[in-house]
A.B. asks: 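This is the structure, below, for whatever I ask next.
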Amino acid sequence: MNYPEYKQPLNYGQVGTDILAWWKQNGIFEKSVSTREGQPTFVFYEGPPSANGAPGIHHVMARTVKDIFCRYQTLLGKQVNRKGGWDTHGLPIELQVEKELGITKEDIGKKISIEDYNQRCRETVMRFKAQWDDLTEKMGYWVDLDDPYITFEPEYIESCWALLKKLYDKGLLYKGYTIQPYSPAAGTGLSSHELNQPGTYRDVKDTTIVAQFKVKRDEKSEKLFAAVKNSLPQKWHRLDGDGPIPANFSEDIVSELDESTEVFILAWTTTPWTLPANTGLAVGKNIPYVLISTFNPYTGKPIHVVLAEALVDKYFAKKNEVTSWKGYAFSTGKEQPWYIQSHFTGADLVGIRYERLFGQDKGFPAFEGEERAFRVIPGDFVTTEDGTGIVHISPTFGADDFRAAQQADIPALIVMDAEGKPTPIVDRTGRYVPQMGEFGGRWVKNYDGHDQSGADYKTLDESIAIRMKGDGTAFKVEKYEHTYPHCWRTDKPVLYYPLDSWFIKTTAVKDRLIELNKTINWQPASTGTGRFGNWLENLVDWNLSRSRYWGTPLPIWRTQDGSEEICIGSIEQLVAEIDKAVAAEVMTYNPYQKVDGAWVMADNSSEQPTAKIDLHRPYVDDIFLVSPSGQPMYRETDLIDVWFDSGAMPYAQWHYPLENGTQFQKNFPADFIAEGVDQTRGWFFTLHALAVMLEDSVAYKNVMANGLVLDKNGNKMSKRLGNAIDPFQTITQFGPDATRWYMIANAQPWDNLKFDLNGITEVQRRFFGTLFNTYSFYALYANLDGFQAREFDRVPHAELTELDRWILSKLQSLILEVRGHYDAYDPTKAARAIQDFVTDQLSNWHVRLSRRRFWKGELTQDKKAAYETLQECLVVVAQLMAPIAPFFAEWLYQNMTDGMRAEAIERNTPLAPESIHLTLLVEAETNRIDKALEERMELAQRISSLTHSLRKKSVLKVRQPLQRILVPVLNDTTREQVGKVEDLICAEVNVKHVEFLDDTSGVLVKSVKPNFKRLGQQYGPKLKAVGARIQQMTAEEISTLEKTGQLAVEVEGQPITLAPDDVEIRTDDLPGWLVATDGPLTVALDVTLTDELRQEGVARELVNRLQNLRKDSGLEVQDKIRVTLGQQPELEAAVQSFGDYIRTEVQALALNFAPEISGGSVLEFDDYNVPVQLEVANS
RNA sequence: GGGCUUGUAGCUCAGGUGGUUAGAGCGCUACACUGAUAAUGUAGAGGUCCCUGGUUCGAGUCCAGGCAGGCCCA
């Protein structure tokens, strides 16, 4: 037996297991790399997963995508190294450890030492590695698990240090500050995780102020002033006439309005204590604003204020709106008349300058940045939900504020403390600095627990409000209840406060980042231009600092005053610096030593140290260095962002730049990476940023950002909801191939996938089932014939039948198409194309129509050609599908080609490799593509389909032969095309002839359909009338148009001339015939039955029933039989005429009638009940 | 709140540059076909192409504004 045969159904899970074992045993993955030695490389980077949790089904998705393109490139002959990796640092691991130990960050250093804590993290982080490795293998993801990079290893950390030093030397690493949640009472920053603890957000009642910022009159702001001034004559002068003159409304006011108009911008804050730190105002560029004239409620002074139009109602009662001031008395108070002067958008306001609210003149500190500050800037966070639609910006006390200010080059209000160091106006304990004039030294909030019960007690916010009312800079002061975060430890309100951080100055290379990003092929493209591109456009410096324990330490040591510092770039350098420190007696001994060429941990004893060097905390914290001036230097206690770890993998995975320079050069940049779209601002960014800064290059040329895997209802999968899919169980049950195929074929990888196990079942049945059946069919008959395909003994292409040349033409087209899709990183379209080919073209047309060729007789050239054609299709399909379904493709390849291997190896042909994954992907032979042939086969398919439809209408079973079908043809080409596939059509629909009807027959009824596309361009608005006219065309008119090539008609009184292209002419009726149409194609069926046709029908029924009987009796395909039938005249007549046919079909040596049949079955069909006896007649 | 993305049959998805009657598979119903077939064929039922407005002779498609889901960031 040349080709293995299988019981059905095939166990796909077992195929996966078997092939996996075979791969391992024969080192196929290693060979897929080593046999490509010296070939061009395809560089792939593995985005390191974290093994502190069990892998989920979405990991199968992401890794399938990665695997597909690596395997594909291998098939193209490239060498694809895939070094695995593990991401091991970071907050999730710390949190998990804390949860398990039942401790909080507070307890670190108290209940547990940093050393023990980090040891625990180290153990935890790889806890699920075995499960990950298992899944990796079982799903068929080929990646090198034996030599992965691990981010906590000292070599890896050392590489990160070396890179940081490079950035430091380029001046791209600096210490600055960022606004973070801060608890003054606890004296510590809070992580977003701590802020998300339940109970931190509480309702509090605060004093809020709508402040007035006085606009400076200059070119920018002139439009505001102009708006006031221009309207004066109409609106603001006193109207003569009736009524007494209001007491406050005097000529003075008119003149004041005219001469010294004051325009204010209104901004609301719930934290009045930040107002003295205000340096900017933010507006929404597209938000509409208005300028309103009114009076200050506390001073009664006439003012003009700017606020968002949508919020006017909030501050100005409709009943107080006026069109003139006649009859009003003006005084202080809430009910002030008002009037809208004019309208602006935020964009009009940007750039306007205003006066500092608490200036030096009022006893507040001088401010150097005055020139650049106090401007209106755009802010994307501005809304008209509350406040005034204008946001007060204090860059030292708000994250949005800080960011917007930085982008608009607005400085923060900074003063100098007692030591001459810059500080915000609030110190770290939560009090105003002494320089703050009358408020100096006051608590921003009650952080020290002082007594607030006195009747005269005023909070700082209240004091500020009082001062502003007096200054005429408060527009509205009120208590307001809102939610505000509190420190979970001290219960005191959190401050958003500038805290020291180390930054990488990514903004310095922003343009280059953007420029190089444009050279990256993003899949989907929108992620690159949109999500990633916009992120780059709004780039801020990369905050590297993390106040944590388990991570890569920042390798910077500083003197106490920060005047001297050093950035360490290697262990070697660190050890040398420690030696200096020991010499200077800053340290007592050097804890890092080199023994036998390896770095180890040493203590101060005489014992030989053995433990591998550890660069984590707490060890590095205990290292003190000495500055050139002899001062001790202390390590900056921060760790670095874990995203730096993963972004550094192109370098650190090789321990570059400390060694392996050529290795690195060979593998940089990556040709391809893929991760979930959630990595856009994570790994995708850090890779890109580091590559641009360090190498002035992209880090990857092609990148796919895949979407999420949701449950079948579109909900996120989670263990808590119980809707998570177990990847192991899925793979065991359905096999890795169907799982992978489903994920790729069902939706584009970058769309979210609604994961439904029923979908895998369908893929299994429809695609793998059909492919398996096609193989089984081939194996069954090839084995019966003892046929073994050979590479050098094939029926020449020119001698193949239409059907064979057709499927081979389709196959070449498929190769082109699938390669194109893989090349374009579009695996979904590749999978769908393969699937359509296998089910629709190969199985359901070529094999179905070819079956008779396999059944009959000897191994003729036609039969051989049939085998060879099918064999070629199956092998090529196996190759094309191999990247997506690697196990099944291997199975199919080996079954199809193992018998050819010896000769292939001997002659070194493409089939020589033992595994499909070591082969080279076939190139399409375009000279075998015959488009005309593909077209006429489609005609055959459509005509057959129409004929089936007609049979159905006439209730004529396919087994009943019919004389002919008629096909009207309007041109010679169609006639010729259909003529060539006539035999196929006849066989498929069981008719004797296809006859053509041409125009001259005169029986065709034609109809005409307007070609709207063409007519629309030509006639535009008149199209409807023209279309209607065309649909009314008579047979004569159609004929005229066809014969003369034009037709003059009249539409709405206008003469127009129609050309043949303006319409689509087709035949859709044949009077007296049963017809069916499909677009321009029409088929008529001759339903006349002759005696002979009837007899043949009976004969075919008989064959069918006998075949069924054979099958039911469990006979093998090759068994011969003897048949005896009960006597019936009509049957005998049929057997008389078609005896040979019947005998051949059912492989009967004898077919006789007998009056009495005993012990047999009864064949039932049509009106017959035929007793039958069937015996095996084997020798 | 911002950026990106998705919305077409019960379900999963196709529908270059606008063209009038919107498709496929699955599922459902009926009938057929079958010595490879958990396959296949034919027919039927099933649609507010998320909504509103606009551009146009004509919009699932283009524009604007919404709604809903998702991701990331605040």
Side-chain angles (χ1 to χ4, degrees), chain A residues 8-9 192 284 379-383 385 399-400 403 524 526-527 529-535 537-538 676-682 705 707-708 710 712-716 742 745-748 750-754 756 758-759 761-762 764-766 769-770 772-781 828-829 832 835-836 839-840 843-845 847-848 851 854-855 944-953 955-959 988-990 1009-1017 1019-1027 1076 1103-1104 1106-1112 1115-1119 1145-1147:
Chain A
Q8 296 173 38
S192 58
D380 57 16
F381 49 86
V382 179
T383 70
E385 294 281 304
D400 271 341
R403 189 169 49 86
S526 58
T527 300
T529 54
R531 189 179 284 217
F532 195 66
N534 290 341
W535 161 252
E537 295 286 348
N538 295 305
V677 68
D678 53 337
Q679 297 285 322
T680 306
R681 291 171 188 189
L708 264 70
L710 309 168
K712 63 180 173 184
N713 299 318
N715 300 313
K716 221 174 154 171
Y742 163 71
N746 193 62
Q748 308 266 36
W750 45 88
D751 288 334
N752 290 347
L753 173 68
K754 289 182 192 166
D756 186 355
N758 291 327
T761 312
E762 191 185 323
Q764 205 175 51
R765 246 189 9 203
R766 187 167 160 68
T770 305
F772 168 72
N773 283 328
T774 306
Y775 166 75
S776 296
F777 176 84
Y778 174 86
L780 175 67
Y781 286 99
T828 303
K829 284 188 174 160
R832 287 176 180 171
Q835 195 166 297
D836 286 349
T839 57
D840 296 347
S843 170
N844 197 36
W845 192 253
V847 174
R848 199 155 55 84
R851 279 175 304 183
F854 295 94
W855 294 342
S944 299
S945 168
L946 288 169
T947 310
H948 280 304
S949 159
L950 290 170
R951 277 183 172 274
K952 157 85 179 156
K953 274 186 206 154
V955 201
L956 285 163
K957 298 191 246 185
V958 181
R959 245 179 255 127
E988 171 63 12
V989 302
N990 198 14
K1009 196 184 152 203
N1011 179 349
F1012 285 102
K1013 191 164 186 170
R1014 210 181 123 87
L1015 292 168
Q1017 285 156 6
Y1019 298 106
K1022 289 202 292 186
L1023 177 101
K1024 274 206 170 101
V1026 176
V1103 167
N1104 171 252
L1106 286 169
Q1107 297 287 37
N1108 289 344
L1109 190 58
R1110 281 183 58 120
K1111 200 176 183 180
D1112 294 343
L1115 298 191
E1116 296 296 323
V1117 176
Q1118 66 273 26
D1119 287 335
E1145 286 293 313
V1146 304
Q1147 305 195 64

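Quick caveat: nothing in here was measured; it's all calculated off a predicted structure. Quick note on labels: first sequence line is chain A, next is B, and so on, each numbered from 1.
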A.B. asks: For Thr680(A) and for Thr774(A), find the nucleotide of RNA chain B with the closest heavy atom, then tell me which residue's nucleotide is more 5'.
C.D. replies: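 The residue whose closest nucleotide sits nearer the 5' end is Thr774(A).
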
A.B. asks: Between P on G2(B) and CZ on Arg681(A), what's the gap in Å once rounded to a whole number?
C.D. replies: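 Value for this atom pair: 14 Å.
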
A.B. asks: From OH of Tyr742(A) over to C1' of C13(B), roughly how many Å is that when rounded to an integer?
C.D. replies: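 Answer to the nearest Å: 11 Å.
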
A.B. asks: Minimum heavy-atom separation for Gln835(A) and Ala745(A), please, with both atom names.
C.D. replies: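 Answer, listing the atom of Gln835(A) first, then Ala745(A): OE1-CB, 4.1 Å.
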
A.B. asks: Rounded to whole Å, how long is the line connecting atom CZ of Arg851(A) with atom C1' of U37(B)?
C.D. replies: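 Whole-Å distance recorded here is 9 Å.
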
A.B. asks: In whole angstrom, give me the gap between the C1' atoms of U42(B) and G10(B).
C.D. replies: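 One C1' to the other, the span is 23 Å.
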
A.B. asks: Checking all strands, does Asn1104(A) fall into the base, sugar-phosphate, or nothing category for heavy-atom contacts under 4.0 angstrom?
C.D. replies: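 Answer is sugar-phosphate: Asn1104(A) comes under 4.0 Å of backbone atoms only.
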
A.B. asks: With P as the reference atom in both, quote the distance from U37(B) to A24(B) in angstrom, rounded to an integer.
C.D. replies: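 To the nearest whole Å, 28 Å.
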
A.B. asks: Could you encode protein contacts along nucleotides 23-29 of chain B as a string, one character per nucleotide from 5' to 3', using B for base contact, S for sugar-phosphate-only contact and - for no contact, with a heavy-atom cut-off of under 4.0 Å?
C.D. replies: --SSS--

A.B. asks: Between the protein and nucleotides 4-8 of chain B, which nitrogen or oxygen pairs come in under 3.5 angstrom?
C.D. replies:
from	atom 1	to	atom 2	distance (Å)
C4(B)	O2	Arg531(A)	NH2	3.4

A.B. asks: Going by ring pair (Phe, Tyr, Trp, His ring centres under 6.0 Å), name the residues that satisfy it together with Tyr742(A), two or more places apart in sequence or in a different chain.
C.D. replies: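 Partners of Tyr742(A) under the ring pair (Phe, Tyr, Trp, His ring centres under 6.0 Å) test: Phe755(A).
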
A.B. asks: Give me the distance, rounded to whole Å, that separates G23(B) from U48(B) when you measure between the P atoms they each carry.
C.D. replies: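 One P to the other, the span is 16 Å.
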
A.B. asks: When you measure from the side chain of Asn990(A) to the backbone N and O of Arg959(A), does any donor-acceptor pair fall under 3.5 Å?
C.D. replies: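 Yes; at least one donor-acceptor contact below 3.5 Å.
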
A.B. asks: Checking Tyr778(A) now: which residues fulfil ring pair (Phe, Tyr, Trp, His ring centres under 6.0 Å) with it, not counting sequence neighbours?
C.D. replies: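 Tyr778(A) satisfies ring pair (Phe, Tyr, Trp, His ring centres under 6.0 Å) with Tyr3(A), Tyr867(A) only.
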
A.B. asks: Find which nucleotide of RNA chain B each of Asn746(A) and Leu708(A) is nearest to by heavy atoms, and output the residue with the more 5' nucleotide.
C.D. replies: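 Its nearest nucleotide being more 5', the pick is Asn746(A).
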
A.B. asks: Checking base pairs now: Watson-Crick or wobble, both atom distances under 3.5 Å. What partners A68(B)?
C.D. replies: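 Across any shown strand, A68(B) pairs with U6(B).
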
A.B. asks: Checking base pairs now: Watson-Crick or wobble, both atom distances under 3.5 Å. What partners G16(B)?
C.D. replies: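 When the pairing criteria are applied, nothing turns out to pair with G16(B), so the answer is none.
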
A.B. asks: Name all residues meeting the side-chain hydrogen bond (donor to acceptor under 3.5 Å, both in side chains) criterion together with Gln764(A); count only those two or more places apart in sequence or in a different chain, and write none if there are none.
C.D. replies: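 Once residues adjacent in sequence are excluded, Gln764(A) has no partner under the side-chain hydrogen bond (donor to acceptor under 3.5 Å, both in side chains) criterion.
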
A.B. asks: Identify the nucleotide, in any strand shown, that forms a Watson-Crick or G-U wobble pair with G1(B), with both distances under 3.5 Å; if there is none, say none.
C.D. replies: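 Matched G1(B) with C73(B) under the 3.5 Å cut-off.
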
A.B. asks: Base, sugar-phosphate, or nothing: which does Ala747(A) touch, judged by heavy atoms less than 4.0 Å apart?
C.D. replies: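 Result for Ala747(A) = sugar-phosphate.
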
A.B. asks: What pairs with Arg765(A) under salt bridge (charged side-chain N to carboxylate O under 4.0 Å, His left out), at least two apart in sequence or on another chain?
C.D. replies: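 For Arg765(A), no residue satisfies salt bridge (charged side-chain N to carboxylate O under 4.0 Å, His left out) once neighbours in sequence are set aside.
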
A.B. asks: Consider the side chain of Gln748(A), meaning its heavy atoms from C-beta on, and name the nucleotide among C71(B), G41(B), A14(B) that approaches it most closely.
C.D. replies: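 It is A14(B).
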
A.B. asks: Considering only side-chain heavy atoms of Arg959(A), which listed nucleotide, A39(B), A36(B), C33(B), is closest?
C.D. replies: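 Nucleotide nearest to Arg959(A)'s side chain: C33(B).
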
A.B. asks: From the list C13(B), C71(B), A36(B), which nucleotide is the closest neighbour of the side chain of Arg848(A)?
C.D. replies: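 The nucleotide sitting nearest to the side chain is A36(B).
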
A.B. asks: Could you work out the separation of G1(B) and C62(B) based on their C1' atoms and round it to a whole Å?
C.D. replies: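 So the two C1' atoms sit 29 Å from each other.
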
A.B. asks: Can you tell me the base-pairing partner of G27(B)? Count Watson-Crick or G-U wobble geometry only, both distances below 3.5 Å, and say none if there is no partner.
C.D. replies: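 With both distances under 3.5 Å required, G27(B) matches none.
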
A.B. asks: Could you list the residues that satisfy side-chain hydrogen bond (donor to acceptor under 3.5 Å, both in side chains) with Arg403(A), not counting sequence neighbours?
C.D. replies: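 Per chain and number, Arg403(A) pairs via side-chain hydrogen bond (donor to acceptor under 3.5 Å, both in side chains) with Asp400(A).
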
A.B. asks: Quick one: Leu753(A) CG to U12(B) P, roughly how many Å, whole number?
C.D. replies: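 My rounded result for the distance is 11 Å.
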
A.B. asks: Mind checking the CZ-CZ spacing from Phe777(A) to Arg851(A)? Nearest 0.5 Å is all I need.
C.D. replies: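 Taking CZ in Phe777(A) and CZ in Arg851(A), the distance rounds to 7.0 Å.
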
A.B. asks: Starting at atom CG of Asp756(A), determine the distance to atom P of G10(B), rounded to an integer number of angstrom.
C.D. replies: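 Taking atom P of G10(B) as the reference, CG of Asp756(A) is at 17 Å.
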
A.B. asks: Rounding to the closest angstrom, what is the interatomic distance between C13(B) and G54(B) at atom C1'?
C.D. replies: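 About 30 Å, rounded to a whole number of Å.
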
A.B. asks: Restricting to nitrogen or oxygen on both sides, can you table the protein-nucleotides 42-44 of chain B pairs closer than 3.5 Å?
C.D. replies:
from	atom 1	to	atom 2	distance (Å)
U42(B)	OP1	Ser945(A)	OG	2.7

A.B. asks: Over all heavy atoms of both residues, which pair between Val677(A) and Ala705(A) is shortest? Give the atoms and the distance, please.
C.D. replies: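 It is CA-CB, 3.9 Å.
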
A.B. asks: Say you pick atom C1' in C50(B) and the same atom in A68(B); how far apart are they, in whole Å?
C.D. replies: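 Here C50(B) and A68(B) have their C1' atoms 8 Å from each other.
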
A.B. asks: I'd like to check the salt bridge (charged side-chain N to carboxylate O under 4.0 Å, His left out) partners of Asp756(A); sequence neighbours left out, ordered by chain and number.
C.D. replies: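 By the salt bridge (charged side-chain N to carboxylate O under 4.0 Å, His left out) rule, Asp756(A) matches no residue at all.
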
A.B. asks: Sequence neighbours left out, what passes salt bridge (charged side-chain N to carboxylate O under 4.0 Å, His left out) with Glu762(A)? Give chain and number order.
C.D. replies: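 For Glu762(A) there are no salt bridge (charged side-chain N to carboxylate O under 4.0 Å, His left out) partners, ignoring immediate neighbours.
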
A.B. asks: When the distance from NZ of Lys754(A) to C1' of C11(B) is rounded to whole Å, what number comes out?
C.D. replies: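 Result: 9 Å.
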
A.B. asks: Between C1' on U12(B) and CD on Gln835(A), what's the gap in Å once rounded to a whole number?
C.D. replies: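 Nearest whole value for this atom pair: 12 Å.
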
A.B. asks: Between C72(B), A36(B), A14(B), which nucleotide has the shortest distance from any of its atoms to the side chain of Tyr781(A)?
C.D. replies: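 Of all the options, the side chain of Tyr781(A) is nearest to A36(B).
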
A.B. asks: So does Ser945(A) get a backbone contact from the side chain of Ser949(A), meaning a donor-acceptor N/O pair under 3.5 Å?
C.D. replies: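 Side chain of Ser949(A) to backbone of Ser945(A), a donor-acceptor pair under 3.5 Å: no, none is there.
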
A.B. asks: With sequence neighbours left out, what residues match Trp535(A) under ring pair (Phe, Tyr, Trp, His ring centres under 6.0 Å)?
C.D. replies: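 Per chain and number, Trp535(A) pairs via ring pair (Phe, Tyr, Trp, His ring centres under 6.0 Å) with Phe685(A).
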
A.B. asks: Can you measure Trp535(A) atom CH2 to C72(B) atom C1' for me and round it to whole angstrom units?
C.D. replies: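 After rounding, the gap between these two atoms is 10 Å.
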
A.B. asks: Write down the distance separating the P atoms in C67(B) and U52(B), rounded off to the nearest Å.
C.D. replies: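 My reading of the P atoms in C67(B) and U52(B) gives 15 Å.
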
A.B. asks: Can you tell me how far C1' in C4(B) sits from the matching atom in A43(B), rounded to whole Å?
C.D. replies: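 These two C1' atoms come out 45 Å apart once rounded.
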
A.B. asks: Return the pairing partner of C49(B) with a 3.5 Å limit on both distances, Watson-Crick or G-U wobble; otherwise return none.
C.D. replies: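 Partner of C49(B): none.
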
A.B. asks: Not counting sequence neighbours, which residues clear salt bridge (charged side-chain N to carboxylate O under 4.0 Å, His left out) with Asp751(A)? List them please.
C.D. replies: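 Salt bridge (charged side-chain N to carboxylate O under 4.0 Å, His left out) check on Asp751(A) returns nothing, list empty.
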
